[in-house]
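Have a look at the structure below before the remarks.
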Amino acid sequence: MTWKLQAITGEFTGQEINVERDMLVGRHQDADILLQSADVSRRHAALLLKDQQLWVQDLNSSNGTFINDLRIEQETELHDGDMLQFASFVFSVLVPASQNNELPEIEVEPVTVAPHDQGMPSIAERAAETGITRDGMPQQVSIPKPAPIPENVQVEAVAEPKPVPMEEPVSRVAQEKEQQKNASVGLISIIILVILAVIAWLFFK
């Protein structure tokens, strides 16, 4: 919980000072809030935190400490929006956010769900209606019907394309073997013809 002082006048104008502990205000070098001005006493005032409340005490300063333009002589409690003045330096007191933004409690009514009269039975009801064999398997379990197909949707079986037979290319080795085979057959035929010619020549001689 942090109180704040927002500077209205002086060198700190517009700045906010957090007050999280007891603080000394003055122009002494040891002051927590150092106000370097001749009209501010060396130890001008003290800010005190008591039970999360902020108090201010004047330390017999020369030019006084004021709350809402009223000079104080003894320890005084500060409130949100008070104008706190040390000589010519004026600060606005800001209450802690946790106290300033208290929100009323909102009661939330519990939401009750009415039991269903129609529709899908509960898991317990479905379990009670289903018989179980000795092996632990359910009996007489109906198979759900498939959902109907909409009228605008056409379902047709698409025939798979038949594979097209492709001729295997003849390798160079097979071609060479075929040529050698043809050459051998031709040579044998020529030899047979020569032999027949010789036999015929000898027979008719």
Side-chain angles (χ1 to χ4, degrees), residues 1-130 132 136 138 141 144 146-147 150 152-153:
M1 185 177 297
T2 304
W3 287 78
K4 293 183 179 181
L5 298 181
Q6 185 177 28
I8 305 300
T9 62
E11 57 186 82
F12 300 108
T13 301
Q15 298 183 18
E16 291 184 355
I17 301 174
N18 293 333
V19 182
E20 299 176 344
R21 54 182 174 81
D22 294 350
M23 303 178 72
L24 176 65
V25 182
R27 58 183 175 88
H28 193 275
Q29 295 299 324
D30 294 336
D32 299 297
I33 301 177
L34 183 59
L35 303 178
Q36 296 179 343
S37 177
D39 57 352
V40 176
S41 300
R42 293 171 60 84
R43 290 180 173 83
H44 195 100
L47 295 172
L48 308 173
L49 280 175
K50 296 181 180 181
D51 298 329
Q52 305 298 331
Q53 297 299 318
L54 183 61
W55 297 68
V56 62
Q57 181 180 2
D58 185 75
L59 301 178
N60 298 321
S61 63
S62 301
N63 296 312
T65 301
F66 301 83
I67 298 177
N68 300 327
D69 297 330
L70 297 176
R71 186 165 182 168
I72 62 172
E73 300 294 339
Q74 57 186 0
E75 188 177 299
T76 307
E77 184 178 359
L78 294 170
H79 302 88
D80 182 39
D82 283 346
M83 303 304 293
L84 178 60
Q85 182 176 349
F86 308 107
S88 60
F89 291 86
V90 182
F91 295 86
S92 176
V93 179
L94 302 178
V95 76
S98 59
Q99 295 182 6
N100 195 26
N101 295 330
E102 292 183 354
L103 298 177
E105 296 183 357
I106 301 175
E107 296 183 359
V108 180
E109 296 182 357
V111 179
T112 57
V113 180
H116 59 278
D117 297 332
Q118 297 178 352
M120 181 179 293
S122 64
I123 296 177
E125 293 174 353
R126 283 180 286 172
E129 295 174 357
T130 304
I132 300 177
V141 177
N152 298 331
V153 177

From Ser62 OG over to Arg42 CZ, what is the distance, rounded to the nearest 0.5 angstrom? 11.5 Å
Give the minimum heavy-atom separation between Ala31 and Gly26, together with the two atoms involved. CB-O, 3.6 Å
Within-4.5 Å side-chain heavy-atom neighbours: Ser61 and Asn63: no
Side chain proximity check, Leu49 to Leu54, heavy atoms < 4.5 angstrom: yes
Partner of Met23 under side chain to side chain contact (heavy atoms under 4.5 Å, CB included), picked from Asn18, Asp32, Leu48, is Asp32
How many angstroms lie between CE in Met83 and CD in Gln6, if you round to the nearest 0.5 Å? 9.0 Å
Considering residues at least two apart in sequence or located in another chain, which fulfil the salt bridge (charged side-chain N to carboxylate O under 4.0 Å, His left out) criterion with Glu77? none
Quick one: side chain to side chain contact (heavy atoms under 4.5 Å, CB included) partners of Ser37, sequence neighbours excluded? Asp39, Val40, Phe89
From Arg27 atom CZ to Gln36 atom CD, the distance as rounded to the nearest 0.5 Å: 10.0 Å
Which heavy atom of Asp69 sits nearest to which heavy atom of Gln85, and what is that distance? OD1-OE1, 4.1 Å
With the side chain counted from C-beta on, respond yes when Val95 and Trp3 share a heavy-atom pair under 4.5 Å apart, and no when they do not. yes
How long is the gap from CD on Glu16 to OG1 on Thr2, to the nearest 0.5 Å? 11.5 Å
Approximate separation, where rounding is to 0.5 Å, of His79 NE2 and Thr76 OG1: 10.0 Å
Could you check if a side-chain atom of Leu84 sits within less than 4.5 angstrom of a side-chain atom of Thr65, using non-hydrogen atoms only? yes
Does the side chain of Leu47 come within less than 4.5 Å of Leu5's, by heavy atoms? yes
Is a donor on one side and an acceptor on the other found under 3.5 Å between the side chain of His44 and the backbone of Gly64? yes
With a 4.5 Å cut-off on side-chain heavy atoms, are Arg43 and Leu24 touching? yes
For the side chain of Asn68 and the backbone of Asp82, is there at least one donor-acceptor N/O pair under 3.5 Å apart? no
Name of the residue among Ile17, Ile8, Thr9 meeting side chain to side chain contact (heavy atoms under 4.5 Å, CB included) with Phe91: Ile17
